[in-house]
Amino acid sequence: MARVQLENVKKIYSGNVTAVHDFNLDIADKEFVVFVGPSGCGKSTTLRMIAGLEDISEGTCKIDGEVVNDLQPKDRQISMVFQNYALYPHLTVFENMAFPLRLDKKIRIHPWSEEELKKIDEHIEKLIAQHADATGNDKKRAQLEKKIEELKASKEKGKEVKGFTQDEIFERVTNAAKVLGITNFLTRKPKAMSGGQRQRVAIGRAMVKDCKVFLMDEPLSNLDAKLRNQMRAEIILLRKRINTTFVYVTHDQTEAMTLGDRIVCMRDGFIMQVGTPTQLFDMPDNLFVAQFIGAPMMNTFNTKLLKDGDKYYVDLFNRKLPISGAKADALKEKGIQTRDILLGIRPEHLIVSKTASEGTIPVTIEVNEMMGSEYHLHVSSEDGTKIIVRIPTINLSDKEREEMVTGHVINLAFEPKAMHFFDPESEINLLAGPEAVNSKGPIILPGEREQA
Amino acid sequence: MEKLDKDSYLKLSKWKRFVYKFKYFFLITIPRVFFKIEILDALSYLKLNRWQKLGYKIKYFYLIKIPRFFKNLGLKIWKGIKGFGLGVAHFFKNLFVTFKEGDKFTKLSYLFMGVGSFARGQILRGILFALMEIVFILYMILTGGYYLGKLNSLGLVQPLDADENLVANADNSFRILLYGVLTIFFIVAFIYTWYLNIKQNRINEQIKKDEKAIATTKDDLRAVVDQQFHRTLLALPTLGIIVFTLLPIVFMILVAFTNYDKNHNGISNALFGWVGFDNFGQLFSWSNGTNTFSATFGEILLWTLIWAFFATFTNYFLGLVVAMLINKKGIKLKKVWRTILVMSIAVPQFISLLYIKNIFAFDGIINDIIKFFGGQPVHFMDDQASPLMVRVTVILINIWIGIPYLMLVTTGILMNIPADLYESASIDGANVFQQYTKITLPYMLFVTGPYLLTSFTGNMNNFNVIYLLTGGAPHPQEMLKVNAGQTDLLITWLFKLTIDDSNYALGAVLGIIVFIIVAVISLIVYNILPSTKNEEAFQ
Amino acid sequence: MEKRSMGMAAKRRVANITTYVILVLISIIWIIPFIFLLLNAFDVGNPGLTGNVWPEKWGLGNFAYLFSAESNFLRWYFNTFIIALFACVGQTAMQFMMAYALSRFRFKLRKPMMNMMLVLGMFPGFLTMIVLYEVLSGLGMTGDSAVPGLILVNIASSGMGYYVAKGFLDTMPKSLDEAAEVDGATKFQVFYKVIMPLCKPIVIYTVLTSFMGPWGDFVFAAAIAKGAQGGMNVATGLNSWLDSSNIAGFYKYFCAGGVIVAIPVIILFLFLQKYYVEGVTGGAVKG
């Protein structure tokens with residue numbers, strides 16, 4: 001149960017390659033944080049620095065308030081699940097899961113059993129009697145007093161036991177196995193198991209020990225799509241059961257969105273944005289986050305934002321589309337004037353209009369990908385701009401479905417509520433707070449920007 | 001030269017045109033064709049025909065790759081020297097700074113090793129440092145100093161006096177050299193430990209400043225099986241290598257610069273001393289009336305290379321063929337065939353080699369069979385045999401020795417060639433032979449490149465086969481003078497020179513030359529092999 | 001339409017038959033020297049080198065001689081066995097210590113050490129012989145008491161042969177070590193609880209090859225025993241029977257000795273063939 005604090009953490013490899021730049025993050029106790037980003041963005045490196053598998057070049061990492069920079073992995077009280085499972089091939093599933101428990105030789109306090117308590121009481125009484133007898137001998141009396149105090153304290157405190165007993169190990173492993181549904185495989189070797197089962201064992205091995213932080217490094221990426229969905233759901237359940245701090249690394253935005261309390265989106269060693277899934281989806285700080293989260297990718301248009309009196313418009317395909325509601329208020333509050341922008345609209349926020357009107361633009365369907373519950377339409381406008389549209393199939397009539405074919409012209413309407421406005425230079429969201437990081441050009445962190 | 005345009009060329013007289021053409025050819029055309037290379041991109045390369053491609057590749061190799069190799073080598077050496085220089089500078093700077101900024105314990109540690117460690121509670125380290133200092137001082141006083149002092153002369157008191165009587169307190173050049181080298185090793189080790197002892201102080205002062213905990217003896221002991229476990233692992237093997245390989249080799253390298261031989265054995269007849277590069281000079285100019293030494297050296301070197309080439313490649317290709325035969329689809333009893341061959345690896349080589357030597361002896365079984373069929377007995381491997389005969393026989397027997405091993409090696413790799421390569425090739429219309437030359441061989445060569453290199457150098461030093469089979473025979477008169485034969489490899493010759501003739505100095509020179517040849521071949525081949533580096537994609 | 005001259009199946013059958021014929025020939029060529037050796041070993045006729053293969057007179061006399069008090073064969077055999085026994089334990093340990101440290105740890109001197117060993121390996125091994133003889137004779141480990149000396153020589157520098165073991169260790173995923181470290185293992189525990197159990201095949205290979213080495217070791221054994229009968233191993237001993245002065249009286253004894261030496265090694269080899277093949281192929285690809 002622990003808070004994890006990363007303060008100005010940097011990873012510089014020999015040869016001056018910086019893998020992680022100035023990483024700042026405060027992970028609350030029992031929070032589930034997901035690091036997400038394309039491969040090579042430094043997410044795994046950061047996780048491995050928390051685990052102690054990589055040295056921290058600069059900055060500090062604290063677990064539970066204690067600086068752990070110089071601690072070895074085994075002394076950090078962490079559990080970790082690896083991408084390729086990292087099961088010990090020569091050990092059975094049971095022994096794999098028992099492995100961390102057998103190595104743990106820490107002294108733990110157990111409650112005394114009834115019998116033991118009785119014995120202690122008897123002993124104390126005996127000593128008290130001796131104490132009473134020993135009048136006049138101050139030295140002995142003092143010794144006895146000390147002994148009695150010690151016994152009382154020990155009675156209060158409980159029994160000190162080094163490591164885990166055989167029974168405890170058995171109980172912990174079988175419990176975890178039960179939770180993960182692998183009880184029947186306990187006597188097998190990892191080789192004789194499927195990928196999904198192996199990953200369960202790996203999770204089980206991480207579960208059995210007492211840990212402050214549970215680290216997972218792309219645990220699902222070696223599984224096939226179907227199994228991945230299933231395991232994802234199970235991780236959500238598991239998380240409820242274990243109830244500790246989780247740090248989870250993935251390159252898959254769906255996993256990030258479904259699992260995380262908070263998501264840390266990274267690129268090239270920089271944090272692009274930290275926030276809840278909703279924040280990242282609805283209010284991306286910059287174009288990178290906007291395009292990384294959500295599938296298919298957000299559409300962008302190089303265009304102009306117009307301010308006409310109190311009202312805002314976007315100039316799209318020679319049409320002046322009004323912006324109203326919350327977005328307009330936010331723009332006004334920020335005092336944004338007429339300017340060039342990069343307009344972003346997610347494919348699912350484009351509407352296929354049945355009729356052409358002033359606010360719609362005609363586009364030609366190039367490809368229609370049938371995804372089952374929805375169509376992904378790849379369309380192009382008259383000036384050749386490529387746009388992706390995502391429309392649910394359930395509301396479409398048979399006739400409409402027939403029309404959704406290559407070459408057919410449809411009318412697209414734009415939902416102003418779902419529009420995102422980015423600065424074309426820095427790609428920062430115009431409505432984002434001051435902490436937003438640019439995603440184009442050399443990345444400038446908020447603090448540095450003020451200095452510049 | 002000045003290039004002329006068409007008009008001015010036409011203006012020239014006939015003779016001058018000829019001269020111009022001549023000059024043009026040598027100064028422009030030849031350099032352009034042979035010494036200039038235009039780097040092609042992938043597409044223009046592909047447009048070349050087969051011969052142009054070959055020409056391009058060859059030119060690329062000697063105009064780009066070889067210069068680059070030497071440039072890289074030079075850079076590496078320069079970097080090494082620079083690194084060393086910087087290291088030394090760093091060393092002295094550290095010593096100075098540590099002394100200046102250190103507390104009194106640190107300062108005392110410069111003289112009495114371990115004081116700082118004791119003062120900071122690292123008892124174990126302190127004891128070890130102090131022990132090292134005591135042992136070192138005692139060693140230097142008792143023996144090391146003596147040997148080190150004599151190292152320059154390798155001894156002055158000859159073992160025999162003028163009347164050839166043994167002198168009581170004579171020097172021993174061998175010991176002086178050996179223990180002198182050992183002492184130098186020890187001094188280096190001592191300086192390193194001394195430096196460590198000082199560095200410890202610096203680190204600990206820093207830790208104290210940061211208010212962190214200094215490692216206790218208990219921590220140190222724990223680190224032996226944890227953080228410092230690699231040192232624990234390496235300690236014994238490294239010590240073994242230093243004492244039993246590095247020290248003897250340094251010793252022998254030094255011997256190459258002395259006159260250590262049977263007339264100067266350093267112990268019982270005469271001391272040996274430094275002679276500089278005389279031995280190397282002798283190797284190339286030694287004349288014993290007929291200048292045999294350098295001629296012999298040339299002949300042996302040539303045969304060594306020929307032998308290494310044939311021994312490596314015959315085994316390789318035939319081993320591959322045997323492996324492919326056994327692994328052929330539809331062949332049964334694969335395990336049996338393999339086991340029959342593998343059995344011959346299991347029999348200790350000296351038995352099979354000595355036995356085969358006697359099968360091929362003049363009165364051996366083979367000749368018996370030849371006689372049975374009415375032929376004349378043949379000298380296969382003795383002194384009466386012709387050199388060609390012996391050499392061919394040795395290579396053939398080596399094939400017998402090597403094929404089982406190569407069969408195993410190649411079987412494993414053959415199995416790893418993806419089956420779909422063959423499937424797609426057969427769909428593309430390649431027949432079995434084409435599949436072998438276009439898929440199997442290139443794949444094998446690519447994967448086993450480093451292995452071929454090591455087995456080439458290994459064969460250059462293949463002592464057992466030659467020594468046990470022929471012992472170098474045949475020995476023509478002029479080679480016998482320097483105890484060599486026509487199938488001797490450098491390594492067997494070296495053996496004979498040192499062990500039979502006690503000509504240690506020359507043996508050491510030969511050893512150094514073998515090393516240089518092996519090192520140069522390895523270095524160049526290794527840098528060119530495709531499987532070690534995959535830079536030029538379309539080559 | 002043209003009629004095909006031969007069907008696919010028929011073609012394949014011809015190819016297979018040819019292959020079988022070649023394989024049988026190969027097998028004969030590779031086995032026959034050993035058959036000859038065996039036949040010679042049972043020939044109690046002329047003890048010298050003779051042209052005939054088939055024994056003039058069958059008998060076990062040659063073997064009886066080997067085990068009699070007359071010959072030193074048993075002593076040689078025992079010497080070699082002891083050396084092999086120590087060598088296989090010692091060399092395996094040294095090579096694995098070296099290989100494990102170089103494969104699993106990254107430290108400053110790693111690359112220089114590897115280069116240094118590569119360079120040292122390029123010097124002909126005999127160069128060390130003179131010095132080693134001197135050192136060992138100083139320790140009283142030459143001549144008749146050469147066995148401990150040979151053991152020492154066999155083991156001391158064997159760390160340089162770390163390549164095959166390292167190649168094998170390098171294929172083991174690093175995440176196994178990391179998982180074990182996160183699970184609370186010290187580096188030593190990672191070594192002996194996680195990695196070592198997985199190295200069984202390559203340990204067996206190393207043990208096998210280092211056990212076989214001393215049986216064929218000739219040069220060093222000869223140099224360190226220096227002709228003393230009590231300190232010889234089988235290779236030097238049996239070779240001394242083939243001297244031009246001895247061969248006339250001892251050739252058949254040599255054959256019998258060869259059989260006795262070869263049998264245990266062959267048996268061991270046949271049982272562990274699988275591991276040997278694994279090690280050899282793995283080592284070759286790594287180079």
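In what follows, chains carry the letters A, B, and so on, assigned in the order in which the sequence lines appear, proteins first and then strands, with residues in each chain numbered from 1. For clarity, every value in this text was computed on a predicted model and none was experimentally measured.
Counting heavy-atom pairs closer than 4.5 Å to chain C, the top-ranked of the candidates A:Lys105, A:Arg48, A:Arg102 is A:Arg48.
Contact annotation for C:Gln189: only side-chain heavy atoms (C-beta onward) come within less than 4.5 Å of a heavy atom of chain A. For A:Leu87, the part sitting under 4.5 Å from any heavy atom of chain C is the backbone (N, CA, C, O) and nothing else. For a residue to count as touching a neighbouring chain, one of its non-hydrogen atoms must lie under 4.5 Å from one of that chain's; by this rule C:Lys193 touches chain A with backbone and side chain alike.
Counting non-hydrogen atoms of neighbouring residues, nucleotides and ligands closer than 6.0 angstrom, the CZ atom of A:Phe170 reaches no more than 12 such neighbours. When the shell of 6.0 Å around NZ of C:Lys274 is examined, it contains 12 or fewer heavy atoms from other residues, nucleotides or ligands. The environment of A:Asp55 atom CG is sparse: at most 12 non-hydrogen atoms of other residues, nucleotides or ligands sit within 6.0 angstrom. For CZ of C:Phe188, the number of neighbouring non-hydrogen atoms (other residues, nucleotides, ligands) closer than 6.0 Å is greater than 12. Around the CZ atom of A:Arg241, the shell of radius 6.0 Å holds no more than 12 heavy atoms that belong to other residues, nucleotides or ligands. More than 12 heavy atoms of other residues, nucleotides or ligands sit less than 6.0 Å from atom CZ of A:Arg108. Applying the 6.0 Å contact sphere to CZ of C:Phe86 captures no more than 12 heavy atoms from other residues, nucleotides or ligands.
When the heavy atoms of residues 66-85 of chain A are compared with those of chain C, the residues falling under 4.5 Å are A:Pro73, A:Lys74, A:Ile78, A:Ser79, A:Met80, A:Phe82, A:Asn84, listed by number. Listed by sequence position, A:Arg205, A:Lys209 are the residues of residues 186-209 of chain A in contact with chain C, using a 4.5 angstrom heavy-atom cutoff.
What you find for A:Tyr88 and C:Ala179 is that their closest heavy atoms are OH-C, 3.4 Å. Of all heavy-atom pairs between A:Leu103 and C:Gly184, the closest is CD1-C, 3.8 Å.
Rounded to the nearest 0.5 angstrom, A:His90 NE2 and C:Ile195 CD1 are separated by 8.5 Å.
A:Leu91 has its side chain out of reach of C:Pro197: every pair of non-hydrogen atoms, C-beta onward, lies at least 4.5 Å apart.
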